[in-house]
Amino acid sequence: MNTPSQQGGGRPLPAARRIAAHALFIASCLLATTAHAQQQVDYAALRPVLRGDMPRQVPEFPFAAYPIDTRPMFDTFMWQNFIAAMWPSRPGDHGEPYRPNDPAVFQRGYVDGLQPAFLGWKTANDLYPQDGSAPPPWDSDGSLNPCRNVPRNDKRPVLINTSKFGTVADELNQAFAGPLIDQTGLLTRYEVRVNKVEYDYVRNNKFYNQANWPKNGLPPIYFPASTPAQVGAIEVKAAWRDLSRVEPRFHSRFFNMEALTVVPGTCKSTLPNGQGRVTDCQCAATRVGLVGFHISHKVDRFPQWVWSTFEQVDNLGEDPSLPAGMKPSYYDGARANPADHPGYSYEPAAISAFSPAASAPLKPVNVTRLSQIPSTPAALPTTKINSNYRALVAGSPWANYWLIGTQWSTSPTVPPQSPLQPPWANTNQQDFGCEDGTPATVGGIAFPACQVANITMETYHQLDSCQNCHQGAQRGGADFSWTLFQRAFAGPTPPTVATQASRIKKQQ
């Protein structure tokens, strides 16, 4: 099988951008050399632990350490976040871990009705009714069920979205892009969930309705951050693969469950033009497997949040544990993609939740990874941390997942930079960086600056990064949360960020 990973992955940069990028690289190296010489990082305390409580703080590291040397602290922090999110929980406990200090609970798995803790968190559809009305209290039973062909009290998760985020009107596509179709010709589904801290902050302040947002952005919306004493706001985004055409003997490679998937084009809404609550959908019982998982966690020392993304190891067939006869989820095993977009073979047209779906079979998207999982720092790279944690959870489906990357701010007080008006651009669009080779403009000096992407959620925007993308929501007054910015009710016409939308359009 040919490798599905391609380094660099983009068109050659114009001379002006190559010079700017080269100068930035040299400056970074000089700073890195100085910092590295000042203080070394001790990794002795970074040990994988089976614990169900959500961690609150990134492990300590020397202030003057070079960011690449502090990566293991953030990788460890987010792996522990991942374990806490997957810790067994009773459905009625709304995401509270069941016996979080007992490793045997995790090792036994989801027996006696237990489920991953994050499935007890509220969905974005619960928090944002999108008609101005108040969401239910956190401890209320049940969740949004728009299915007309199943009982309202059905407990199975409902997967409405085939988009990483957005309003219900455009949720059948990835973020600012089209849908992702796997190698069996089926749609990838998405959901967004938030923890109790974030849910209650939005609900108590009535920020689910933009009429209640601070006037002129003052004081700004500012989600509670984790401190040593308490957990702050956390958002997770999950990508689910439809396993209907995958041989049942391979289902155990995934964390899998039965969910209700909304049939595209069958829904109605309570307001015109697909706005308001989604209702009256035709739903199908579907066996789905988790293929991608984002975690964004707001921490007091990192007000731009700490970001991470995980994937199932068989997405592209990169892991040697791929069983004989099992095909990768999103890579066909041989074909190279076009030179002008090497990360994907093509981008499907958008699909609407409220318009009739196309009758023709869906064509699979062939995906390749543009940035490898980090093999740095040499003493404890992300690849090694993945091996350590996968060994810790051996015997569970979570041994088949790995961390793709983390991102954080190295200087949180540095303000955002003004969007550029690049001289090589032929339009008046603003340039927020990363995807066209220019520096990221998000504040905080994120590390890595660009190319932190999940192939199941940023298939068509792999050169961007979590923090750099979410600055669009920050500039819109929503504290880096696209979920808040896009879903909070704003009257008959939903809010838009024209510059953000234009920024991520492919430069063709």
Could you tell me if the ring centre of [X] sits under 6.0 Å from that of [Y]?
X: W307; Y: H294; answer: no
X: F106; Y: W87; answer: yes
X: W408; Y: F302; answer: no
X: F74; Y: F61; answer: yes
X: F310; Y: F82; answer: yes
X: F223; Y: F480; answer: no
X: Y460; Y: Y344; answer: yes

Under 3.5 Å, is there a donor-acceptor pair linking the side chains of [X] and [Y]?
X: W79; Y: N386; value: yes
X: T376; Y: R71; value: yes
X: T456; Y: R241; value: no
X: N81; Y: H297; value: yes
X: S481; Y: E235; value: yes
X: N195; Y: E198; value: no

Quick check: do [X] and [Y] have side-chain heavy atoms less than 4.5 Å from each other?
X: S89; Y: P97; result: no
X: R390; Y: W402; result: yes
X: N454; Y: K237; result: no
X: D464; Y: E458; result: no
X: S133; Y: R277; result: yes
X: D182; Y: R245; result: no
X: V197; Y: I234; result: no
X: N256; Y: L243; result: yes

For this session: For side-chain hydrogen bond (donor to acceptor under 3.5 Å, both in side chains), just list the numbers for Q183 and S329, CA-CA rounded to whole Å, side-chain angles, deciding distance to a tenth of an Å, and then say yes or no.
Result: CA-CA 6 Å; Q183 289 298 301; S329 299; over 6 Å; no
Mark yes or no for whether [X], through its side chain, and [Y], through its backbone, hold a donor-acceptor pair below 3.5 Å.
X: Y401; Y: G292; value: no
X: Q451; Y: S371; value: no
X: T123; Y: D126; value: yes
X: N315; Y: Y330; value: no
X: Q80; Y: V49; value: yes
X: N337; Y: N366; value: yes
X: S396; Y: W398; value: yes
X: D319; Y: D314; value: no
X: R156; Y: E258; value: no
X: W305; Y: A225; value: no

For this session: Take N125 and Q130, measure what side-chain hydrogen bond (donor to acceptor under 3.5 Å, both in side chains) needs, and give me the verdict at the end.
Result: CA-CA 8 Å; N125 294 321; Q130 296 190 262; over 6 Å; no
What pair of heavy atoms forms the shortest contact from [X] to [Y], and how long is it?
X: Y208; Y: R203; answer: CE2-O, 3.6 Å
X: R56; Y: S226; answer: O-CB, 3.3 Å
X: R369; Y: Q462; answer: CA-OE1, 3.6 Å
X: M457; Y: F293; answer: CE-N, 3.4 Å
X: P374; Y: P381; answer: O-CB, 4.1 Å
X: W240; Y: A238; answer: NE1-CB, 3.5 Å

Exercise. Can we say the SG-SG distance for C283 and C147 is below 2.5 Å?
Worked result: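 Cysteines C283 and C147 qualify as a disulfide pair, their SG atoms being under 2.5 Å apart.
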Exercise. What do you reckon, is CD of Q282 surrounded by more than 12 foreign heavy atoms closer than 6.0 Å?
Worked result: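 Yes.
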Exercise. Does atom CG of D112 have more than 12 heavy-atom neighbours from other groups under 6.0 Å away?
Worked result: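 Open: at most 12 neighbouring heavy atoms sit under 6.0 Å from CG of D112.
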Exercise. Salt bridge check: are E191 and R189 linked by an N-O gap of less than 4.0 Å?
Worked result: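 No, this pair does not count.
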Exercise. Is the closest basic N to carboxylate O distance between K327 and D332 below 4.0 Å?
Worked result: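 No, this pair does not count.
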For this session: Kindly determine whether D75 and T382 satisfy side-chain hydrogen bond (donor to acceptor under 3.5 Å, both in side chains), including the steps that lead there.
Result: CA-CA 7 Å; D75 287 354; T382 304; 2.6 Å; yes
Problem set entry | Whether F485 and W482 hold their rings parallel, tilted or perpendicular, with breakpoints at 30° and 60° |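 F485 vs W482 ring planes: perpendicular.
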Problem set entry | Aromatic ring pairing Y199/W138, orientation class (parallel under 30°, perpendicular over 60°, tilted between) |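 Y199 and W138: perpendicular rings.
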Problem set entry | Verdict with reasoning, K196 to K122, per side chain to side chain contact (heavy atoms under 4.5 Å, CB included) | CA-CA 8 Å; K196 185 178 188 298; K122 294 294 188 184; over 6 Å; no
Exercise. Can I83 and R51 be said to form a side chain to side chain contact (heavy atoms under 4.5 Å, CB included), step by step?
Worked result: CA-CA 7 Å; I83 288 177; R51 183 180 298 133; over 6 Å; no
Exercise. Where do V236 and V192 land on the side chain to side chain contact (heavy atoms under 4.5 Å, CB included) test, with the steps shown first?
Worked result: CA-CA 6 Å; V236 299; V192 179; over 6 Å; no
Problem set entry | Evaluation steps, side-chain hydrogen bond (donor to acceptor under 3.5 Å, both in side chains), between R47 and T76 | CA-CA 8 Å; R47 301 181 184 278; T76 298; over 6 Å; no
Problem set entry | From CA spacing to verdict: side chain to side chain contact (heavy atoms under 4.5 Å, CB included), V313, E318 | CA-CA 7 Å; V313 300; E318 300 155 296; over 6 Å; no
